[in-house]
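Below you'll find the structure, written out as structure tokens, and then a few comments.
The analysis underlying the following values was restricted to heavy atoms, covering all of them including side chains, and did not include hydrogens, waters or symmetry mates.
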Amino acid sequence: MKQIIINGALALAMLLLFAPSADAQARKKADEATEEWHYDIEPASEAKQGTYVIRVCSYSSRTNPALEQCLKNAVHGVVFKGYSGLGPITGKPALAREPGIETQKADFFKPFFADGGDYRKFVSQVGDEVERTKVGREVKVCMQVKVMADDLRKYLEAAGIIRGLGAGF
């Protein structure tokens, strides 16, 4: 009996010791996937002027890191990719249209997209619905988010990352 209690305590200690490590490892993989910007983005619905409501899907080995990555990916998609229209919803071009700007301004974008970075000021989840699908070894997590594109544009213009709409050629 005493041996069972000792073995149980050891198993619990091992579980507590490695559980945060497993989550940290999943977060690290999710961050790597984010750095590769492996996601899908499409319009979800019409929104008020200056705001985009989009559906973004991120891929990760675990669900929780993928939820956070969806928010980063949505902002990344609005800044660098834009999206095509879908049915009656018009597509939107990327805010940053200069090729290679992401690598040229890496000193700005690395802290911007870091965990808890300034990207969070411009994005929020719409509703509570999250769609999870197993895709091979990964989980595809999709959610609707709202990106305040006009505020994001002003922020990037003020930081000197993109040119203003009134700037000449």
Side-chain angles (χ1 to χ4, degrees), residues 29-136 138-169:
K29 284 184 178 180
D31 284 342
E32 289 171 0
T34 298
E35 289 175 9
E36 295 171 7
W37 303 111
H38 178 53
Y39 62 91
D40 303 318
I41 182 173
E42 63 184 29
S45 65
E46 290 288 342
K48 69 178 185 177
Q49 182 74 26
T51 302
Y52 301 165
V53 177
I54 55 178
R55 181 177 186 265
V56 62
C57 298
S58 297
Y59 301 85
S60 179
S61 59
R62 293 190 177 205
T63 301
N64 284 343
L67 293 172
E68 185 70 22
Q69 302 308 320
C70 280
L71 300 176
K72 287 182 186 181
N73 291 336
V75 173
H76 186 272
V78 168
V79 173
F80 296 108
K81 286 184 167 183
Y83 53 88
S84 302
L86 183 66
I89 305 170
T90 58
K92 300 293 181 187
L95 297 179
R97 298 181 191 165
E98 187 177 322
I101 192 149
E102 187 174 3
T103 52
Q104 292 170 6
K105 305 285 185 177
D107 291 342
F108 172 82
F109 285 113
K110 190 162 180 112
F112 181 79
F113 284 114
D115 290 339
D118 283 350
Y119 78 93
R120 294 280 302 183
K121 297 177 185 175
F122 308 103
V123 64
S124 60
Q125 184 177 355
V126 176
D128 294 332
E129 187 175 330
V130 177
E131 180 185 316
R132 296 170 179 89
T133 308
K134 185 84 173 165
V135 179
E138 296 179 316
V139 178
K140 178 181 177 183
V141 176
C142 301
M143 68 169 63
Q144 281 191 17
V145 299
K146 178 173 65 174
V147 177
M148 281 77 69
D150 280 356
D151 294 342
L152 179 59
R153 169 181 288 286
K154 289 175 187 170
Y155 179 83
L156 295 174
E157 287 174 359
I161 303 301
I162 62 173
R163 287 188 274 170
L165 292 174
F169 292 96

Inset, instruction - Enter the distance from T51:OG1 to L152:CG here, rounded to the nearest 0.5 Å. - result: 11.0 Å

Inset, instruction - Using the test side chain to side chain contact (heavy atoms under 4.5 Å, CB included), find all partners of A44 that sit at least two apart in sequence or belong to another chain. - result: V53, R55, Q144

Inset, instruction - Describe, in one word, how the ring planes of Y83 and Y52 are oriented to each other, choosing from parallel (under 30°), tilted (30 to 60°) and perpendicular (over 60°). - result: perpendicular

Legend entry - From NE2 (H76) to OH (Y119), nearest 0.5 Å: 13.0 Å

Inset, instruction - Write down the atom of P43, the atom of I89, and the distance for their closest heavy-atom approach. - result: CB-CG2, 3.5 Å

Legend entry - Candidates V139, D40, T133 - the one meeting side chain to side chain contact (heavy atoms under 4.5 Å, CB included) with Y59: D40

Inset, instruction - Working to the nearest 0.5 Å, report the span between CG of L95 and CD of E157. - result: 9.0 Å

Legend entry - Gap separating the CG atom of N73 from the NZ atom of K81, nearest 0.5 angstrom: 8.0 Å

Legend entry - Between NZ on residue K140 and OG on residue S60, distance to nearest 0.5 Å: 14.5 Å

Inset, instruction - Would you give the length of the straight line joining atom CD1 of I161 to atom CZ of R153, rounded to the nearest 0.5 angstrom? - result: 13.5 Å

Inset, instruction - Check whether any side-chain heavy atom of R97 lies under 4.5 Å from a side-chain heavy atom of R163, and answer yes or no. - result: no

Legend entry - Closest approach of V123 to M148 (non-hydrogen atoms, all atoms of both residues): N-CE, 3.9 Å

Legend entry - NZ or CZ of K105 within 45° of F112 ring axis and under 6.0 Å: no

Inset, instruction - State, yes or no, whether a side-chain contact exists between K92 and I54 at a heavy-atom distance under 4.5 Å. - result: no

Inset, instruction - Can you see which heavy atom on V145 is nearest to which on A74, and at what distance? - result: CG2-CB, 3.4 Å

Legend entry - Distance-minimising heavy-atom pair for E46 and T90: OE2-N, 3.7 Å

Inset, instruction - Find out if the SG atoms belonging to C57 and C70 lie under 2.5 Å from one another. - result: no

Inset, instruction - Please step through side chain to side chain contact (heavy atoms under 4.5 Å, CB included) for the pair K72 and D115, ending with a clear verdict. - result: CA-CA 9 Å; K72 287 182 186 181; D115 290 339; 2.7 Å; yes

Inset, instruction - Please name the pair of heavy atoms, one in I101 and one in F80, separated by the smallest distance, quoted to 0.1 Å. - result: CG2-CE2, 3.8 Å

